[in-house]
Amino acid sequence: QVQLVESGGGLVQAGGSLRLSCAASGRTFSSDAMGWFRQAPGKEREFVASISWSGRNTYYADSVKGRFTISRDNAKNTVYLVMNSLKPEDTAVYFCATATSYYTPSYQYEYDYWGQGTQVTVSS
């Protein structure tokens with residue numbers, strides 16, 4: 001059974017940092033792209049960042065570029081999202097997902113498996 005479990009969310013003040021982790025189990029994901037999405041209250045889920053299977057290629061939404069960094073450790077079947085200079089508008093539930101892709105997909109339909117999400121709240 002494939003399972004993705006996010007962790008690391010919480011409450012942080014504006015300007016602070018958090019590191020999210022997503023541990024995958026059930027099969028090996030070292031050949032898959034992995035991504036992070038988020039959904040704020042009353043809004044559609046949106047793309048945040050993705051990383052290729054090798055980790056050499058990354059892609060970010062404009063809203064987080066320069067502040068967030070995605071990385072992965074294939075030996076641990078884990079993807080990370082380091083979030084710096086957080087803003088209140090970053091408040092959302094953050095989801096990780098995997099895609100059978102060699103690149104850095106940014107559309108939800110390209111992803112096959114999803115985690116349950118972790119809440120990130122940034123206070124002003």
Side-chain angles (χ1 to χ4, degrees):
Q1 180 182 355
V2 175
Q3 193 172 19
L4 301 177
V5 179
E6 302 96 337
S7 62
L11 174 63
V12 64
Q13 287 189 331
S17 299
L18 282 175
R19 187 180 84 154
L20 305 184
S21 300
C22 173
S25 62
R27 69 180 186 90
T28 300
F29 291 90
S30 56
S31 298
D32 292 354
M34 299 187 79
W36 287 95
F37 289 77
R38 67 186 181 186
Q39 186 167 20
K43 294 189 177 181
E44 298 288 320
R45 189 158 55 184
E46 65 175 4
F47 169 76
V48 174
S50 58
I51 187 166
S52 62
W53 68 273
S54 66
R56 294 192 189 98
N57 301 101
T58 57
Y59 183 59
Y60 297 92
D62 287 344
S63 59
V64 306
K65 202 173 295 181
R67 300 188 298 123
F68 290 12
T69 302
I70 188 171
S71 62
R72 66 189 296 164
D73 184 338
N74 285 341
K76 296 182 179 180
N77 250 8
T78 300
V79 64
Y80 305 97
L81 184 69
V82 174
M83 306 184 294
N84 296 320
S85 302
L86 282 162
K87 306 174 181 180
E89 51 263 44
D90 294 318
T91 295
V93 177
Y94 283 71
F95 301 88
C96 70
T98 67
T100 308
S101 170
Y102 290 115
Y103 304 104
T104 51
S106 60
Y107 294 101
Q108 294 183 55
Y109 71 82
E110 297 178 279
Y111 287 81
D112 306 301
Y113 299 102
W114 293 81
Q116 293 299 307
T118 185
Q119 176 70 47
V120 171
T121 302
V122 184
S123 62
S124 57

*Side-chain (Thr78) to main-chain (Lys76) donor-acceptor, under 3.5 angstrom*: yes

*Distance (rounded to the nearest 0.5 Å) between Met34 CE and Tyr113 OH*: 12.0 Å

_With rounding to the nearest 0.5 angstrom, report the OG to CZ distance, Ser71 to Arg19._
7.5 Å

*State plainly whether the residues Lys65 and Asp62 are in salt-bridge range, i.e. N to O under 4.0 Å.*
yes

*Is the closest side-chain heavy-atom distance between Thr91 and Gln119 below 4.5 Å?*
yes

_Please determine whether side chain to side chain contact (heavy atoms under 4.5 Å, CB included) holds for the pair Met83 and Leu20, giving the CA-CA distance in whole Å, both sets of side-chain angles, and the decisive distance to 0.1 Å._
CA-CA 8 Å; Met83 306 184 294; Leu20 305 184; 3.8 Å; yes

*Please report the closest heavy-atom contact between Ala61 and Phe47, naming both atoms and the distance.*
CB-O, 3.5 Å

*State, to 0.1 Å, how close Ser124 and Ala14 come at their nearest heavy-atom pair, and which atoms those are.*
CA-CB, 4.4 Å

*Heavy-atom pair with the smallest gap, counting every atom of Tyr111 and Ser50*: OH-CB, 3.3 Å

*OG/Ser30 to CG/Asn74 distance, rounded to the nearest 0.5 angstrom?*
5.5 Å

*CD-OG distance between Gln13 and Ser123, expressed to the nearest 0.5 angstrom*: 5.0 Å

*Do Phe68 and Trp36 have ring centroids that are under 6.0 Å from one another?*
no

*Mind checking whether Phe37 and Trp114 have parallel, tilted or perpendicular rings, split at 30° and 60°?*
tilted

_Please tell me whether Leu86 and Tyr60 are part of a single hydrophobic cluster in this structure, the criterion being side-chain heavy atoms less than 4.5 Å apart._
yes

*asked:* How close do Val93 and Gly117 get, counting heavy atoms only, and between which atoms?
replied: CG1-CA, 3.8 Å

*Could you tell me whether a side-chain N or O of Glu6 sits under 3.5 Å from a main-chain N or O of Cys96, the two making a donor and an acceptor?*
yes

_Pair Val122-Glu89, side chain to side chain contact (heavy atoms under 4.5 Å, CB included): steps then yes or no_ = CA-CA 8 Å; Val122 184; Glu89 51 263 44; over 6 Å; no

*Of all heavy-atom pairs between Ser63 and Arg38, which one has the smallest distance, and what is that distance?*
OG-NH2, 3.5 Å

*Phe95 and Val48: CA distance, side-chain angles, deciding distance, side chain to side chain contact (heavy atoms under 4.5 Å, CB included) verdict*: CA-CA 9 Å; Phe95 301 88; Val48 174; over 6 Å; no

_Any donor-acceptor pair under 3.5 Å from Ser52 side chain to Thr104 backbone_ = no

*asked:* Could you check, using the six-membered ring where one of them is a Trp, whether Tyr103 and Tyr59 have ring centers closer than 6.0 angstrom?
replied: no

*asked:* I need the Leu4 CG to Asn77 CG distance, nearest 0.5 Å.
replied: 9.0 Å

*With Leu18 as reference, evaluate Val12, Thr118, Thr121 under the side-chain contact (heavy atoms from CB on, under 4.5 Å) test and give the passing residue.*
Val12

*How many angstroms lie between OG1 in Thr69 and CG in Asn84, if you round to the nearest 0.5 Å?*
6.5 Å

*What closest approach, in Å, do Arg67 and Asp90 show between heavy atoms, and which atom pair accounts for it?*
NH1-OD2, 2.8 Å

